[in-house]
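This report refers to the structure that appears directly beneath it.
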Amino acid sequence: MKPSILLTLTATAASTSAFTLPFKFRRDTVSTDTSNTITPNRRLLHSPPTNTGGIAGSHIKAASSINNRPQSLRAGAYLPYHPPASTPDHPNQNQDMIQSVTGSLVIPTISMPISGPTAGNSVGEYSASLWVGIDGASATDSFTHPGSTANASCNPLAASLRAGVDIFWDGTLGGQQTPYVWAQWYPAEHSRGFLGFKASPGDELRFTVSTGPHGNSGGGVLVENFGPPQSPKGVDGKVKIPIATGSLIWKNMPPLCSAQASWILEDFPLQERPELPSALGNFTDVRFSEMGFATWLGGNFTGEEVLEKDKLKMLEIYDAGQGGTLAKCKTEGEGEKKGVVCRRVVEA
């Protein structure tokens, strides 16, 4: 069932495409929406490449590899949540699950890579996608769905609720393009944008995604744009006041595992070439901050509770066709400024 729309959404348009080595491609008609006229109708697919050479949604085998290392198109961090065992005083706490996930980031600038096999194509297109969500990070954690009478396992990659922003660089249009902010209940539907929601490189976005009980009765997404981080935030600089907001709600959607809180940088394919990942752009450092999640039985985890190294799991992007390791992440900073920072690299 399609989501109810709190703000009018842009239609998902057919997009441009790129090969692992970017190339010049066909353009679709530019939108007539005056708030978005400078951006051609290009869209990322927000799903794994179809040419996996293996099980869809799992580790994707590269067409060529180095040291037989599998392709991995997600960087960032995720925290697997395993509910505590039931006790006589709390008999249902073993059925607790993630209810909501939050995270903030400053939209990075993107440019043409200067090293690696994809560097130097002045008429190519490069992209990257950043998102916050429930599930969708990794299938490596064994997980049994709480309350399952059949002891059924659940794959967190099979479905996810997420909201994010895509960044693009296009040599045929002068370089960096307007970011595209989106939300998606994957794989039940394609991603959707927010009509009139403006965002620019350097703006600070905060994403909040939430689901119904046990992830099976729908959910919602809230996206807030606070403008540049150095802009006034409100009284004494402590209260953030968004300059733009967008929201969506869903009803009667396929269930989630609700087992992972995810803060992800991903190399998705473009819609016109779904079989291959897009050429990953060169971007300024991405910092996920204000990371937190809540559970249905009242758990609320923020700050060090999320960023503890023995719990938070890091991911990196590896694609032999683009030169090897392309993005690496780690925790950085102290106190309120502590978060997960992802950097663009090229390491064979």
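FYI, the numbering just counts along the sequence from 1. FYI, side chains are in, hydrogens and waters are out, and symmetry mates aren't considered; it's all heavy atoms of this structure.
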Should [X] and [Y] count as side-chain neighbours, where that means a heavy-atom distance under 4.5 Å?
X: L270; Y: E272; value: no
X: T284; Y: V106; value: no
X: L79; Y: Q260; value: no
X: I107; Y: P179; value: yes
X: P242; Y: N225; value: no
X: P269; Y: S278; value: no
X: N121; Y: T118; value: no
X: W185; Y: L256; value: yes

Same hydrophobic cluster for [X] and [Y], using side-chain heavy-atom links shorter than 4.5 Å among ILVMFWY?
X: V221; Y: M253; value: yes
X: L326; Y: M314; value: yes
X: L312; Y: I134; value: yes
X: I98; Y: W250; value: yes
X: L105; Y: L307; value: yes

Practice problem: Given salt bridge (Lys or Arg N to Asp or Glu O under 4.0 Å), test E308 with K313 step by step and report yes or no. | Solution: CA-CA 9 Å; E308 290 179 5; K313 298 192 176 185; over 6 Å; no
Practice problem: Would you please test M291 and V340 for side-chain contact (heavy atoms from CB on, under 4.5 Å) and show each step? | Solution: CA-CA 9 Å; M291 298 163 62; V340 171; 3.7 Å; yes
For the pair [X] (side chain) and [Y] (backbone), establish whether a donor and an acceptor sit closer than 3.5 Å, ignoring hydrogens and angles.
X: Q271; Y: L45; result: no
X: D96; Y: L297; result: yes
X: D135; Y: C257; result: yes
X: W296; Y: G212; result: yes
X: Y180; Y: G193; result: yes

Mind checking the [atom1]-[atom2] spacing from [X] to [Y]? Nearest 0.5 Å is all I need.
X: N300; Y: T295; atom1: CG; atom2: OG1; answer: 8.5 Å
X: L161; Y: S258; atom1: CG; atom2: OG; answer: 9.0 Å
X: R273; Y: T50; atom1: CZ; atom2: OG1; answer: 10.0 Å
X: L315; Y: C342; atom1: CG; atom2: SG; answer: 9.0 Å
X: E224; Y: I241; atom1: CD; atom2: CD1; answer: 11.5 Å
X: T302; Y: E290; atom1: OG1; atom2: CD; answer: 10.5 Å

Distance alone, cut at 3.5 Å: any donor-acceptor contact between the side chains of [X] and [Y]?
X: Q322; Y: D267; answer: yes
X: S104; Y: S289; answer: no
X: S115; Y: R344; answer: no
X: W169; Y: Q177; answer: no

Closest heavy-atom pair and its distance - [X], [Y]:
X: L265; Y: A327; result: CD2-CB, 3.7 Å
X: F194; Y: A183; result: CZ-CB, 4.0 Å
X: G202; Y: P229; result: O-CD, 3.2 Å
X: G323; Y: V346; result: O-CG1, 4.0 Å
X: R343; Y: F283; result: C-CE1, 4.2 Å
X: F207; Y: V165; result: CZ-N, 4.2 Å

Practice problem: Start with the C-alpha distance between K338 and E304, add both sets of side-chain angles, then the distance that settles side-chain contact (heavy atoms from CB on, under 4.5 Å), and finish with yes or no. | Solution: CA-CA 9 Å; K338 191 171 184 178; E304 290 293 339; 3.2 Å; yes
Quiz item: Which is it for L73 and Y318 under the side-chain contact (heavy atoms from CB on, under 4.5 Å) test, yes or no, and what are the steps along the way?
Solution: CA-CA 6 Å; L73 299 176; Y318 176 87; over 6 Å; no
Exercise. Apply ring-ring contact (aromatic ring centres under 6.0 Å, His included) to F293 and list each qualifying residue two or more places apart in sequence or on a separate chain.
Key: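 Checked F293 against ring-ring contact (aromatic ring centres under 6.0 Å, His included); matches are Y81, F301.
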Quiz prompt | Within 45° cone and under 6.0 Å: R206 NZ/CZ vs F226 ring | solution =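 No, R206 does not sit over the ring of F226.
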Exercise. Using a strict cut-off of less than 4.0 Å between a Lys/Arg side-chain nitrogen and an Asp/Glu carboxylate oxygen, indicate whether E305 and K311 qualify as a salt bridge.
Key: no
Quiz item: Is any side-chain N of the basic residue among E347 and K328 closer than 4.0 Å to the acidic one's carboxylate O?
Solution: yes
Quiz item: Aromatic rings W182 and H46: how do their planes relate, parallel, tilted or perpendicular, breaks at 30° and 60°?
Solution: parallel
Quiz prompt | Residues Q184, R162; criterion side-chain hydrogen bond (donor to acceptor under 3.5 Å, both in side chains); working and verdict | solution = CA-CA 6 Å; Q184 180 187 33; R162 53 201 184 185; 2.9 Å; yes
Practice problem: Report the C-alpha separation of L44 and S127 in whole Å, then their side-chain angles, then the decisive distance to 0.1 Å, and conclude whether the side-chain contact (heavy atoms from CB on, under 4.5 Å) test is met. | Solution: CA-CA 9 Å; L44 294 174; S127 65; 3.6 Å; yes
